[in-house]
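All residue numbers in this chain count up from 1 along the given sequence.
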Amino acid sequence: MAVQVEIWTDINCPFCYLGKRRFEEALAGFAHRDAVEVVHRSFELDPTLAPGHSDAVIPHIAEKYGISEAQAAANERGIGTQAEAMGLDYRIEGRDFGSSFDMHRLLHFALAQGRQEALLDALYQANFADARPLFGDTERLVQVAVDAGFEDSDVRAVLADPDAYADAVRADEAEAARLGARGVPFFVIDRKYGVSGAQPPEVFTQALERAWSDHTPEIEVLGGGDDACGPEGCAVPQP
């Protein structure tokens, strides 16, 4: 018996970075954590960005929300304070944003190798904790993946083929739209329960416990059930 948790995220999204840690805190304290399967799904905050696009985060936030750059920087400091409280590094200045499509393709490549979590953590670290820009720099992206334990030639092969895992990314995004996800992070548990946003760990704990209870019989069955009938017939009485 297993509980499946699907998490739609984007590398550009700071609350996805925070939400992953909060979910992990809940999962660490969940009694049945070894029976939980986690899969990360693709979601682009801005799928219209061209490959190679890179720009500074704070001016982008200011323009997008119609606020001053000072206000945008203050918002970033607020997120940084939340990150620090969870033991996460978070750079306020110098970060960039851009098209994450190739990153999502690499995450599907990593999923096929059973190492998706390692690459996702490396991408988050590179984007939110490292001073160097991440977007629009193929060599930087390759190095992040190699440092996470992937073969240089394999990573370059995926990036060189624009069709590699592209359908998987688009399928994730289409499924997110079908499920009604308008933003990320978006958590779906057993395709029955959804959690939107970087909620406190207690919210994730409640959702996990509810999903687990759905798998658990409401009554305890005593006895082996040898003297009973079923779809294939009745038990043969023993002399």
Side-chain angles (χ1 to χ4, degrees), residues 5-24 38-61 64 75-76 79-80 82-83 86 88-113 115-150 155-156 158-159 162 164-166 168-173 175-176 181-187 196-198:
V5 180
E6 298 166 276
I7 311 174
W8 273 264
T9 56
D10 188 30
I11 308 306
N12 282 294
C13 169
F15 288 108
C16 295
Y17 180 46
L18 273 60
K20 184 176 187 293
R21 175 58 62 89
R22 289 174 179 166
F23 172 77
E24 288 170 345
V38 179
V39 179
H40 297 277
R41 302 293 188 194
S42 300
F43 189 106
E44 294 172 274
L45 287 177
D46 189 349
T48 68
L49 292 176
H53 180 96
S54 173
D55 208 346
V57 166
I58 289 179
H60 168 68
I61 293 173
K64 181 175 181 178
N75 291 344
E76 281 291 288
I79 296 173
Q82 293 183 54
M86 290 183 284
L88 293 172
D89 293 328
Y90 191 90
R91 289 189 60 85
I92 308 303
E93 303 287 345
R95 288 187 16 248
D96 67 338
F97 77 98
S99 172
S100 56
F101 191 71
D102 283 347
M103 297 177 191
H104 287 298
R105 294 197 299 115
L106 282 177
L107 284 167
H108 275 281
F109 156 73
L111 175 63
Q113 295 200 350
R115 302 192 59 240
Q116 188 185 43
E117 197 89 19
L119 182 58
L120 181 60
D121 285 340
L123 289 170
Y124 278 148
Q125 182 73 15
N127 186 33
F128 294 108
D130 199 307
R132 292 170 291 174
L134 175 64
F135 295 90
D137 186 342
T138 299
E139 290 304 314
R140 173 91 169 100
L141 182 54
V142 170
Q143 191 60 55
V144 169
V146 170
D147 289 347
F150 296 88
V155 174
R156 291 184 186 277
V158 172
L159 294 176
Y165 302 98
V169 175
R170 295 188 182 103
D172 278 357
E173 293 176 336
E175 186 67 0
R182 294 181 176 83
V184 285
F186 187 68
F187 301 76
S196 180

Next item on the list: Please say whether the positively charged group of R115, taken as NZ for Lys or CZ for Arg, lies over the ring of F150, i.e. under 6.0 angstrom from the six-membered ring centre and within 45 degrees of the axis.
Entry: yes

Notebook entry, point to check: Under 6.0 Å between the ring centres of F23 and F187?
Noted result: yes

Check: Taking the six-membered ring for Trp, are H60 and F97 parallel (under 30°), tilted (30 to 60°) or perpendicular (over 60°)?
Finding: parallel

Next item on the list: Answer whether the closest heavy-atom distance between the side chains of W8 and D172 falls below 4.5 Å.
Entry: yes

Margin query: Does any part of the side chain of P47, heavy atoms only, come nearer than 4.5 Å to the side chain of F101, both counted from C-beta?
Written below: no

Check: Distance from I7 atom CD1 to S42 atom OG, nearest 0.5 Å?
Finding: 12.5 Å

Check: Going through the checks in order, is the side chain to side chain contact (heavy atoms under 4.5 Å, CB included) test met by R156 and E139?
Finding: CA-CA 9 Å; R156 291 184 186 277; E139 290 304 314; 2.9 Å; yes

Checklist line | Where H40 and Q116 come nearest, the two heavy atoms and their spacing | finding: O-NE2, 2.9 Å

Next item on the list: State, yes or no, whether a side-chain contact exists between D55 and H53 at a heavy-atom distance under 4.5 Å.
Entry: yes

Notebook entry, point to check: How far apart are the closest heavy atoms of A148 and A118, and which atoms are they?
Noted result: CB-O, 4.1 Å

Notebook entry, point to check: Given side chains that start at C-beta, do those of F135 and N12 come closer than 4.5 Å, heavy atoms only?
Noted result: yes

Margin query: If we check side-chain contact (heavy atoms from CB on, under 4.5 Å) with V142, which of these qualifies: D137, L106, L159?
Written below: L159

Notebook entry, point to check: With a 4.5 Å limit on heavy-atom distance, are the side chains of E24 and M86 in contact?
Noted result: no

Next item on the list: Can you measure from CG (L18) to NZ (K20) and round to the nearest 0.5 angstrom?
Entry: 12.0 Å

Note to self: Looking at every non-hydrogen atom in both residues, tell me the closest pair between F186 and A181 and how far apart they are.
What the structure shows: CD2-CB, 3.5 Å

Notebook entry, point to check: Between E76 and R91, is the closest basic N to carboxylate O distance under 4.0 Å?
Noted result: no

Item checked: Separation between OG1 of T138 and CD of Q143, rounded to the nearest 0.5 Å -> 13.0 Å

Next item on the list: Could you go through the side chain to side chain contact (heavy atoms under 4.5 Å, CB included) check for T9 and R41 one step at a time?
Entry: CA-CA 6 Å; T9 56; R41 302 293 188 194; over 6 Å; no

Check: Is D130 paired with R140 through a side-chain N to carboxylate O contact shorter than 4.0 Å?
Finding: yes

Checklist line | Atom of A50, atom of S99 and distance for their closest heavy-atom approach | finding: O-CB, 3.5 Å

Margin query: Would you compute the distance between atom CZ of R105 and atom CG of L107 and round it to the nearest 0.5 angstrom?
Written below: 11.0 Å

Next item on the list: Consider only side-chain N and O atoms of R22 and Q82, and report whether a donor and an acceptor are under 3.5 Å apart.
Entry: yes

Next item on the list: Could you check if a side-chain atom of E93 sits within less than 4.5 angstrom of a side-chain atom of I58, using non-hydrogen atoms only?
Entry: yes

Notebook entry, point to check: Between L134 and L123, which heavy-atom pair has the shortest distance, and what is it?
Noted result: CD2-O, 3.9 Å

Check: In terms of ring plane angle, is the pair H108 and Y165 parallel, tilted or perpendicular, where the classes change at 30° and 60°?
Finding: parallel

Check: Does a donor on one side chain and an acceptor on the other come within less than 3.5 Å for Q125 and D121?
Finding: no

Check: Between C16 and D10, what is the shortest heavy-atom contact and its length?
Finding: SG-N, 3.6 Å

Note to self: Please determine whether a side-chain nitrogen of the Lys or Arg among R170 and E173 lies less than 4.0 Å from a carboxylate oxygen of the Asp or Glu.
What the structure shows: no

Next item on the list: Nearest 0.5 Å please: distance from the CG atom of L120 over to the CD1 atom of I11.
Entry: 5.0 Å

Checklist line | Distance, nearest 0.5 Å, that separates CD1 of I61 from CD1 of I79 | finding: 6.5 Å

Next item on the list: Evaluate the ring planes of Y124 and Y17, with Trp represented by its six-membered ring, and classify them as parallel (under 30°), tilted (30 to 60°) or perpendicular (over 60°).
Entry: tilted

